[in-house]
Amino acid sequence: GEDVEQSLFLSVREGDSSVINCTYTDSSSTYLYWYKQEPGAGLQLLTYIFSNMDMKQDQRLTVLLNKKDKHLSLRIADTQTGDSAIYFCAESSSNTGKLIFGQGTTLQVKP
Amino acid sequence: GAVVSQHPSRVICKSGTSVKIECRSLDFQATTMFWYRQFPKQSLMLMATSNEGSKATYEQGVEKDKFLINHASLTLSTLTVTSAHPEDSSFYICSALGHLNTEAFFGQGTRLTVV
């Protein structure tokens, strides 16, 4: 079945860039998403990219998609302490809205 | 983005009782909603897909008689955990599919603790 993998932990210093990586197996993925989850809270959609795109930028966030390698990354520029959270990548196919999530990457931002 | 409201945010119940969790799309109509379960420090696992006016589609391994889903209107889906046991304690999150079918908006989640 479909699988989405992420590294579990990333630690950066405030002001540095953070890069969170994700790999997926479903070659029919239509959309790929990045969600942010703060402790005890639901998921906040950060951004998503359509599978025929290579890159999408939204303020401090840059998403890169390498469809050949099935690799997705999220770059957060000028990382702030408020960015500390768990970041999930997810993929969906066929416009079903059904999402397959990675395990989540805990981002720790040190002052 | 669109708003999905989930209620309650926390609930503690006794073993053997039932608990109902509501998921509402506040500013849009959602024909499809999803229910996920998240164990501590783990990812979200899809439990079922809820379609307005029809029976929910459950993922493999999810007991449909234990996790009752009702999607009676375009803005409300409910998940009822019946005869709850401590192993049902978890974080339950719903999402609603936006009208373009490209974005799924999530509720705040419900922390269920069965004692």
Side-chain angles (χ1 to χ4, degrees), chain A residues 1-10 20 22-26 29-53 56 58-59 61 63 85-108, chain B residues 1-10 21 23-25 28 30-52 56-61 71 77 90-113:
Chain A
E2 305 96 339
D3 193 25
V4 179
E5 298 275 341
Q6 294 177 242
S7 53
L8 296 181
F9 186 78
L10 175 66
I20 302 172
C22 172
T23 58
Y24 60 98
T25 59
D26 186 2
S29 293
T30 310
Y31 290 94
L32 296 126
Y33 302 82
W34 285 104
Y35 284 89
K36 177 182 180 182
Q37 185 181 35
E38 297 186 12
L43 271 70
Q44 174 194 353
L45 177 65
L46 291 177
T47 186
Y48 66 91
I49 189 168
F50 188 50
S51 60
N52 68 354
M53 297 170 64
K56 182 177 180 180
D58 183 2
Q59 299 182 341
L61 304 179
V63 178
I86 301 175
Y87 290 81
F88 290 95
C89 75
E91 62 94 9
S92 73
S93 58
S94 306
N95 280 0
T96 62
K98 184 174 166 178
L99 299 179
I100 306 297
F101 284 86
Q103 313 94 308
T105 299
T106 298
L107 175 63
Q108 178 189 68
Chain B
V3 178
V4 173
S5 176
Q6 197 171 331
H7 178 81
S9 58
R10 290 181 181 273
I21 303 169
C23 180
R24 293 181 185 273
S25 56
F28 68 104
T31 55
T32 304
M33 291 187 177
F34 303 89
W35 287 95
Y36 293 84
R37 182 174 180 176
Q38 185 181 30
F39 290 102
K41 299 188 186 303
Q42 294 191 28
S43 187
L44 283 77
M45 301 300 296
L46 179 66
M47 298 174 66
T49 303
S50 167
N51 294 297
E52 186 266 337
T57 303
Y58 290 81
E59 296 298 302
Q60 192 174 5
H71 194 157
S77 176
S90 191
F91 193 56
Y92 293 86
I93 307 180
C94 71
S95 74
L97 195 60
H99 72 283
L100 293 178
N101 283 7
T102 57
E103 296 187 39
F105 300 97
F106 282 79
Q108 310 93 313
T110 297
R111 172 73 59 193
L112 170 64
T113 304

Where on B:Gln60 is there a heavy atom nearer than 4.5 Å to chain A: the side chain, the backbone, both, or neither? neither

Pick one of side chain, backbone, both or neither for B:Leu44, based on which atoms fall under 4.5 Å of a heavy atom in chain A.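 Interface part for B:Leu44: both.
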
When you measure from the side chain of B:Ser43 to the backbone N and O of A:Gly102, does any donor-acceptor pair fall under 3.5 Å?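 Present.
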
Nearest heavy atoms of [X] and [Y], plus distance in Å:
X: B:Phe106; Y: A:Leu43; result: CB-O, 3.5 Å
X: B:Phe91; Y: A:Gln37; result: CE2-NE2, 3.6 Å
X: A:Phe88; Y: B:Gln38; result: CZ-NE2, 3.4 Å

Partners passing side-chain hydrogen bond (donor to acceptor under 3.5 Å, both in side chains) against A:Thr23 (at least two apart in sequence or in another chain):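 For A:Thr23 there are no side-chain hydrogen bond (donor to acceptor under 3.5 Å, both in side chains) partners, ignoring immediate neighbours.
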
